[in-house]
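This report refers to the structure that appears directly beneath it.
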Amino acid sequence: IYEQKLVKNLVIPSPYPVLDEFCLNRFQKYRWYSTFETNRGCPYQCTFCDWGTTTASKIYQITMERIKSEIEWFRHRPIVVIYGADANWGILKRDVEVAKMLREVADDNPYIRSIALQYAKNSNRTVFEVAKELGHYTSVTCSLQSTNPKTCEIIKRKNMKIDNLKEMMELSVEFNVPTYTEMILGLPEETLDSYKDGLNEVLECGQHQQTNNNLLFLLENSELASWDSRLEHGYKTHFNVEGAHDWATGGAITIQDKIDHDIDPEVTESLELVQSTNTLSNDDITEAFLYYYMMYNFHSVGFTRYLSKYARAIGTSYRTFYDKIWELINQNPNFLPVKDSIIQDLRKYTGVIESTEAVNIFVLRDRFTEFLCNNMEATWETIEKACHELDVFNQSVWDFQLSVLGFKNLTHHTLPYNAEHPLPADVELGIYKFEVNVSGYQSRGAGMDLKNNVPKLSEIVQCYEF
């Protein structure tokens, strides 16, 4: 597929000194993203990606001399984000040393707010050592993409087992490093049911901080984008030309944005999005997004995180718990207009409905949050009803859940959470102690009488302020 051979000799000069003249000096009002590279090549062959699919190459390293000079160049430039171009940060031991240099410069540069890295697919201790050095500038990606065995075999991720995620969550606690997990919607052989299973299986592995849902893009040179793959899996796709996401602003790049920033409107970016497959209709993809938005808000944001953990501890699966929440949310007549508007925008995003409007799927997720916060009484009634119908209501757990959120009458603008690390480590420690007690009662055969024997969470975490 490739027309050019992989460059293996990386003793090449840095482009950054040239950028002072051609970019930074000419456009002084702008803030910049800087791509940072310390090696090339990827030993993995994930079929949705073109990093290592064709080459399955060894890793070729850039010299430390050049790396140090580029990091020093970042020190005095108006750079907002340093974006790592390596395929597997943390795969090399020297990455810890590089991370220390990056952290020192980032602390010295008031513009830098994030160091975005693509971490090694099978995350290891080195990955978490890197993240520990970088502190609040980063969080570790613990990506599964799918938990469906057939899908994992096709995308060549079957060696990256679900047990690895459990180990990564343990390392996250050990190093006190925030993590998030990514799933891809639209992969071969994935169904609506298997995708919902996957989102909940991530929770079973202990990933309670954040899960991100991404729609499958067919990338040029990737194996999934080949004609054989398209025919086998029945992809229907859409080229989303003006919907390319602008990570700097959190929005989508429009033609007017280009005019405002002196960029030729004829220069466009496009993403080939999967609308449907043999096993996922567009309606399925739309519902999967909505179900994900529900789980993100109730679990990652924190409305039901500890209620669902308690339910799981006494035998109700996360899937059962969140299916019940989803069922009851859909019975709320106030939700239907919001749901319909999100569906319309999702169909614009995937090209089922023709539109020149740029749609940001993360803004749609926030629209779900706004609905919950603007209908707070109904939201808590729904949660309480779900707990009672599943016979998992416990007053002390309920009180603790409310205390974690701070107060009952929340609004979207006062909701106390951080998307990358929703709750402070000490609060997580409190619930961990609670779960240890739960395990203790289970091991002593307390069974379903557990609800009456678990110590009050308010007593466990009474020293914390929320």
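The figures here come from the full heavy-atom set of this structure, side chains too, leaving out hydrogens, waters and symmetry mates. Counting from 1, the numbers follow the sequence of the chain as shown. Computed from a prediction, not measured in an experiment: that's the story for all the values here.
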Are any side-chain N or O atoms of [X] and backbone N or O atoms of [Y], one a donor and one an acceptor, separated by less than 3.5 Å?
| X | Y | result |
| --- | --- | --- |
| Thr277 | Pro188 | no |
| Thr304 | Phe298 | yes |
| Thr151 | Ser146 | no |
| Arg113 | Tyr137 | no |
| Gln401 | Leu307 | yes |
| Arg365 | Tyr293 | no |
| Thr350 | Leu346 | yes |
| Thr126 | Lys93 | no |
| Asn200 | Ser317 | no |
| Asp366 | Val363 | no |

On a heavy-atom basis, which atom in [X] and which in [Y] lie closest, and how many Å separate them?
| X | Y | value |
| --- | --- | --- |
| Pro43 | Ile91 | CG-CD1, 4.2 Å |
| Ser300 | Thr211 | OG-N, 3.9 Å |
| Asn332 | Phe371 | ND2-CZ, 3.9 Å |
| Gln209 | Thr179 | OE1-N, 2.8 Å |
| Val274 | Ile285 | O-CD1, 3.9 Å |
| Arg103 | Glu133 | NH1-O, 3.0 Å |

Any side-chain heavy atom of [X] sitting closer than 4.5 Å to one from [Y]?
| X | Y | value |
| --- | --- | --- |
| Glu70 | Ile62 | no |
| Ser222 | Thr47 | no |
| Arg40 | Ile59 | no |
| Cys205 | Glu167 | no |
| Asn212 | Thr181 | no |
| Glu190 | Leu216 | no |
| Leu372 | Phe303 | yes |
| Tyr310 | Asn394 | yes |

Are [X] and [Y] within salt-bridge range, i.e. N to O under 4.0 Å?
| X | Y | result |
| --- | --- | --- |
| Glu354 | Arg347 | no |
| Lys156 | Glu223 | yes |
| Arg125 | Glu174 | yes |
| Glu204 | Arg312 | yes |
| Glu327 | Lys324 | yes |

Quick one: [atom1] on [X] to [atom2] on [Y], what's the gap to the nearest 0.5 Å?
| X | Y | atom1 | atom2 | answer |
| --- | --- | --- | --- | --- |
| Leu187 | Leu224 | CG | CG | 7.0 Å |
| Asn330 | Met294 | CG | CE | 8.5 Å |
| Ile325 | Thr320 | CD1 | OG1 | 12.0 Å |
| Ser341 | Leu336 | OG | CG | 11.0 Å |
| Phe217 | Leu271 | CZ | CG | 5.0 Å |
| Asn214 | Gln145 | CG | CD | 7.5 Å |

I'd like to know if the side chain of [X] pairs up with that of [Y] as donor and acceptor (distance under 3.5 Å, no hydrogens or angles considered).
| X | Y | value |
| --- | --- | --- |
| Ser276 | Asn282 | no |
| Thr237 | Glu272 | yes |
| Asp284 | Ser281 | yes |
| Ser194 | Thr191 | yes |
| Tyr195 | Glu287 | no |

Intermediate values then yes/no, salt bridge (charged side-chain N to carboxylate O under 4.0 Å, His left out), Asp345 and Arg367: CA-CA 11 Å; Asp345 281 342; Arg367 195 183 302 170; 2.8 Å; yes
Test of ring centre spacing under 6.0 Å for His208 and Tyr318: yes
Parallel, tilted or perpendicular: rings of Trp380 and Trp398 (30°, 60°): perpendicular
Parallel, tilted or perpendicular: ring planes of Trp326 versus Phe335, cut at 30 and 60 degrees: perpendicular
Side chain to side chain donor-acceptor pair (under 3.5 Å), paired with Thr141, selected from Tyr119, Tyr180, Trp89: Tyr180
Working for side-chain hydrogen bond (donor to acceptor under 3.5 Å, both in side chains), residues Thr38 and Asp86: CA-CA 6 Å; Thr38 73; Asp86 299 4; 2.3 Å; yes
Verdict with supporting geometry, Lys309 and Val397, side-chain contact (heavy atoms from CB on, under 4.5 Å): CA-CA 10 Å; Lys309 280 187 170 187; Val397 180; over 6 Å; no
Verdict with supporting geometry, Ser34 and Tyr83, side-chain hydrogen bond (donor to acceptor under 3.5 Å, both in side chains): CA-CA 6 Å; Ser34 287; Tyr83 198 93; over 6 Å; no
Leu144/Leu165 under side-chain contact (heavy atoms from CB on, under 4.5 Å): CA gap, chis, key distance, verdict: CA-CA 8 Å; Leu144 287 175; Leu165 183 58; 3.6 Å; yes
Face-on cation placement of Lys196 at Tyr291 ring, 6.0 Å and 45° thresholds: yes
Neighbour count >12 (heavy atoms, 6.0 Å) for atom CZ, Phe175: yes
Chi angles and distances behind the side-chain contact (heavy atoms from CB on, under 4.5 Å) call for His233, Ile154: CA-CA 11 Å; His233 304 300; Ile154 292 170; 3.8 Å; yes
Glu153/Lys150 under salt bridge (charged side-chain N to carboxylate O under 4.0 Å, His left out): CA gap, chis, key distance, verdict: CA-CA 5 Å; Glu153 184 172 359; Lys150 289 183 179 179; over 6 Å; no
Worked check of side-chain contact (heavy atoms from CB on, under 4.5 Å) between Leu134 and Leu117: CA-CA 11 Å; Leu134 293 176; Leu117 306 178; 3.5 Å; yes
